[in-house]
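All remarks here apply to the structure that follows.
First the proteins, then the strands, lettered A, B, ... as listed; each starts at 1.
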Amino acid sequence: MIRESLKEIVDTCFAQGVSEGKWSDAAAGKYSLEVPKREGQGDFSTNMAMVMAGMEKKNPREIAGAVMELLAAEEKLIEKLEIAGPGFVNIFLKPQVWQEVLKPIRKAGESFGSSTVGNGKRVLVEFVSANPTGPLSIGHGRQAILGDAIARLLEITGHEVYREYYFNDAGRQMRVLGESTRARYLELQGLPFVFPEDGYQGEYIKNIAQALLDEQGDSLVGQEDVKPFTKKAVELIFADIAGTLEQMGVRFDNYYNEHTLYDNGHIDSVVSELREKGLVYEKDDAVWFKTTEFGQEQDRVIIKSSGEPTYRLPDIAYHREKFRRNFDWLVDVFGSDHIATVPDVLSGVEALGYDPKKVTVVLHQFVTLTRNGKLVKMSTRKATFITVDELLEEVGADVARFYFMMRKADSQLEFDLDLATKEEKDNPVYYVQYGHARLCSILRRAKEMGLDAEKTEEADLSLLVEAEELQLLKSIAAFPAAIETAALELAPHKAIFFLMELAGELHSYYNKHKVIDPENVPLAVTQARLCLVAGVQQVFRNGLLMLGLTAPEKM
RNA sequence: GGGCGGGUAGCUCAGCUGGAUAGAGUGUCGGCCUCCGAAGCCGAAGGCCGAGGGUUCGAAUCCCUCCUCGCCCA
């Protein structure tokens with residue numbers, strides 16, 4: 001809010017300089033207004049003079065002087081201006097500007113931080129999309145949390161979000177699953193059995209077999225068809241996955257079965273549409289898609305000589321369905337192992353007449369687990385993985401969520417189980433939550449003493465003059481912008497970092513200054529500080545809740 | 001062989017659409033509780049930002065080459 005109004009002022013000055021012939025308008029929109037990294041460099045800083053210097057062939061500091069003169073007219077907001085470094089113009093605002101931010105924050109309450117920048121844009125966020133072959137692994141956990149956090153951030157920034165889970169419960173993978181289940185079913189009854197060579201070895205298969213045995217007795221012993229086994233396995237595994245997701249606080253609006261693409265003829269119609277456009281051809285009994293038309297190195301097979309589609313075809317058909325369902329923006333959250341499919345899908349989308357720019361793929365790197373300082377190897381088939389359930393049991397939903405959101409998607413994420421379990425207290429999630437709980441504690445105490453933090457109107461906010469207080473005010477004022485950035489860049493870790501920084505500032509302030517101390521702190525100051533405390537607490541609460549974390553009032 | 005993503009403090013990672021003296025957490029060392037919550041704070045030590053070249057007023061950030069790790073494809 002403050003940043004926006006100051007930006008307008010700076011833009012006005014720039015325009016004024018143009019009309020007065022001080023410089024040309026070549027630099028319009030190229031300069032920026034930033035918050036300096038270092039203290040003592042102002043509340044904001046603009047590089048306008050340096051940008052212009054290159055274009056006008058003039059000394060940057062000289063131009064900075066002219067910029068400063070124009071800005072100096074804004075006496076209401078600006079306290080001090082200075083030229084610094086190579087030609088920055090540093091802007092120091094009056095404390096009052098910051099003190100006043102508390103009022104709108106308190107007024108907005110729970111909605112502070114949310115916005116309407118999304119303008120009701122319809123976004124489909126696809127994530128997890130794990131086939132039902134076993135419990136969710138750690139990698140899926142990261143994706144679930146990442147996708148969920150992205151969806152939440154988009155929602156509170158005014159997008160209309162739809163969460164979808166895409167899966168396939170047919171094909172070879174599923175047949176092996178059924179065969180594995182059948183083998184265990186026979187094994188449980190002491191009958192001879194053949195376990196498939198590449199079968200699923202997890203303990204959960206035995207549980208599924210046991211469930212079948214409990215329900216159907218030995219009636220399936222002579223069963224040649226593997227389908228009943230597959231069906232039961234899929235049913236139970238999905239129930240398990242749904243339970244895990246629920247525990248993590250992740251929900252979906254829809255589970256989209258790949259099979260419906262075949263049933264509804266979408267697969268065939270994609271092929272025929274591409275054929276009409278002359279973008280497919282037959283070679284070696286296979287059907288090829290001319291992906292070279294879309295800048296790729298080589299064409300791709302979409303239907304194998306066996307008549308079976310490759311994974312590309314349903315993926316393309318699925319994305320076309322997303323567009324047909326009238327979404328303005330498709331966000332796909334995938335693991336990095338899906339990297340190869342992305343260019344093909346985008347080519348397909350483009351070939352079918354949709355804008356590939358409306359598809360954003362968030363690829364996240366793998367999660368590596370360490371225990372006792374050693375890497376834990378993971379494989380679903382061999383069941384040597386740690387499931388999300390096990391993780392949740394060990395560290396709880398908040399810690400798991402926080403860890404998964406803490407890193408940008410591009411980074412591999414190392415999950416140190418020893419640290420996450422044994423040394424809970426060092427966990428950054430507690431650092432943030434503790435800040436919130438501390439503030440709640442102060443507010444509780446104030447209430448006991450009959451001091452009401454709600455009466456912002458009456459408090460004299462000009463008493464908030466300590467450096468730490470002004471810093472907190474600046475930080476919470478920047479909260480909506482931080483959330484907006486995290487949302488639009490699909491980067492939840494930015495929201496996390498904002499909260500961690502705010503927590504640091506709060507803890508420092510807490511240790512240095514007292515809010516309630518009748519003997520040493522005047523009542524009026526206490527009241528002003530209570531307003532600040534309530535504002536910061538609100539920001540913590542909103543930030544934690546919008547990321548799906550809890551905001552405990554006591555710990 | 002090709003594509004994508006990493007390589008920044010002992011460790012885990014931010015910063016990357018170019019800006020001022022490169023940051024945080026953790027670990028190590030040293031301080032701070034007659035208490036508004038020590039799950040906290042303060043201080044110190046710790047860096048050829050993988051290597052080399054280029055672009056410019058300015059490069060961890062952009063371009064090229066190479067090394068290396070991970071994932072995928074052939």
When the nearest nucleotide of RNA chain B is assigned to A:A503 and to A:P36 on a heavy-atom basis, which residue is associated with the more 5' position?
A:P36
In whole Å, I'd like the distance from the CZ atom of A:F402 to the C1' atom of B:G25.
10 Å
Looking just at side-chain N and O atoms, do A:D460 and A:S462 make a donor-acceptor pair shorter than 3.5 Å?
yes
Separation of B:G23 C1' from A:E505 CD (nearest whole Å)
14 Å
In whole angstrom, give the distance that lies between atom CG of A:N511 and atom C1' of B:G43.
14 Å
List RNA chain B stems (3 or more consecutive Watson-Crick/G-U pairs, under 3.5 Å)?
B:1-7 with B:67-73, B:10-13 with B:23-26, B:28-32 with B:40-44, B:50-54 with B:62-66
Whole-Å distance, A:Y509 OH to B:G37 P, equals 14 Å
B:G37, OP1 or OP2 - any side-chain N/O from A:R444 closer than 4.0 Å?
no
Are any of the side-chain nitrogens in A:D198 or A:R172 under 4.0 Å away from the carboxylate oxygens of its partner?
yes
Are any of the side-chain heavy atoms of A:W329 and A:L154 separated by less than 4.5 Å?
yes
Hey, does the side chain of A:T368 come within less than 4.0 Å of B:G70's phosphate (OP1/OP2), counting only N and O?
no
Starting from P on B:U26, measure out to CG on A:N427 and report it in whole angstrom.
10 Å
Atom CG of A:L439 to atom P of B:A39: distance rounded to whole Å?
15 Å
Mind checking the P distance from B:C16 to B:U61? Whole angstroms is fine.
13 Å
Between the side chains of A:D332 and A:H319, does any donor sit under 3.5 Å from an acceptor?
yes
Phosphate OP1/OP2 of B:G15: any A:K37 side-chain N/O under 4.0 Å
no
Just compare B:A20, B:A38, B:C36 and give me whichever is closest to any side-chain atom of A:I516.
B:C36
Starting at atom CG of A:N520, determine the distance to atom P of B:C36, rounded to an integer number of angstrom.
11 Å
Pairing donors with acceptors under 3.5 angstrom, does anything connect the side chains of A:S347 and A:Q296?
yes
Distance between P atoms of B:G58 and B:C73 (Å, rounded)
45 Å
Pair A:S508-A:E468, side-chain donor/acceptor within less than 3.5 Å
no
Can you tell me, in whole Å, how much space there is between the C1' of B:C67 and that of B:A9?
22 Å
May I ask you to list the residues of residues 404-414 of chain A, by number, that have any heavy atom positioned under 4.0 Å from an atom of RNA chain B?
A:R407, A:K408, A:D410, A:S411, A:Q412, A:L413, A:E414
Check: B:A20 base within 3.5 Å donor-acceptor of A:N90 side chain:
yes
By the 4.0 Å heavy-atom rule, please label A:H513 as base, sugar-phosphate, or nothing.
base
With the criterion set at under 5.5 Å between ring centres and under 30 degrees between planes, would B:A20 be stacked on A:F88?
yes
Quick check: A:F415 with A:Y403 (ring centres under 6.0 Å apart)?
yes
Which value, in whole Å, describes the distance between the P atoms of nucleotides B:U65 and B:G2?
11 Å
For A:E553, answer base if it contacts any base atom (sugar-phosphate contacts may also be present), sugar-phosphate if it contacts only those atoms, and nothing otherwise; contact means non-hydrogen atoms under 4.0 Å.
base
Under a plain distance cut-off of 3.5 Å, with no hydrogens placed, do A:N90 and A:E82 share a side-chain donor-acceptor pair?
yes
Please enumerate all protein N or O atoms sitting under 3.5 Å from an N or O of nucleotides 71-74 of chain B, with distances to 0.1 Å.
residue: B:C71; atom: O2'; partner: A:S336; partner atom: O; Å: 3.4

Between B:G47 and B:A39, how far apart are the C1' atoms? Round to whole Å, please.
30 Å
N/O (side chain, A:Y431) to phosphate O (OP1/OP2, B:G40) under 4.0 Å
no
Are side-chain N/O atoms of A:E469 and A:Y509 paired as donor and acceptor at under 3.5 Å?
yes
Nearest-angstrom distance from the residue atom CD of A:E501 to P of B:G25
10 Å
Roughly how many Å apart are B:C11 and B:G18, using the P atom of each and rounding to a whole number?
31 Å
Check the side chains of A:S336 and A:H338 for a donor-acceptor pair under 3.5 angstrom, ignoring hydrogens and angles.
no
Non-hydrogen atoms of A:C531 and A:L102 that approach each other most closely
O-CD2, 3.8 Å
Name the residue closer to the 5' end of RNA chain B, choosing between A:L363 and A:V89 according to the nucleotide with the nearest heavy atom.
A:L363
Have a look at A:Q41 and say if it touches a base, only the backbone sugar-phosphate, or nothing, with a 4.0 Å heavy-atom cut-off.
base
Presence of salt bridge, A:D299 and A:K290, under 4.0 angstrom:
no
Considering only the C1' atoms, how many Å lie between B:U68 and B:A51, rounded to the nearest integer?
11 Å
If you check the A:S508 side chain, which of B:G37, B:U17, B:C41 turns out closest?
B:C41
Between B:G37 and B:C29, how many Å separate the two C1' atoms, rounded to a whole number?
27 Å
Classify the ring geometry between A:Y166 and A:Y318 as parallel (under 30°), tilted (30 to 60°) or perpendicular (over 60°).
parallel
With under 30° as parallel and over 60° as perpendicular, where do the rings of A:H507 and A:Y431 fit, or are they tilted in between?
tilted
Touch class at under 4.0 angstrom, heavy-atom based, for A:K512 against every strand present
nothing
Syn/anti label of B:C4 as read from its glycosidic torsion, with the cut at 90° from 0:
anti
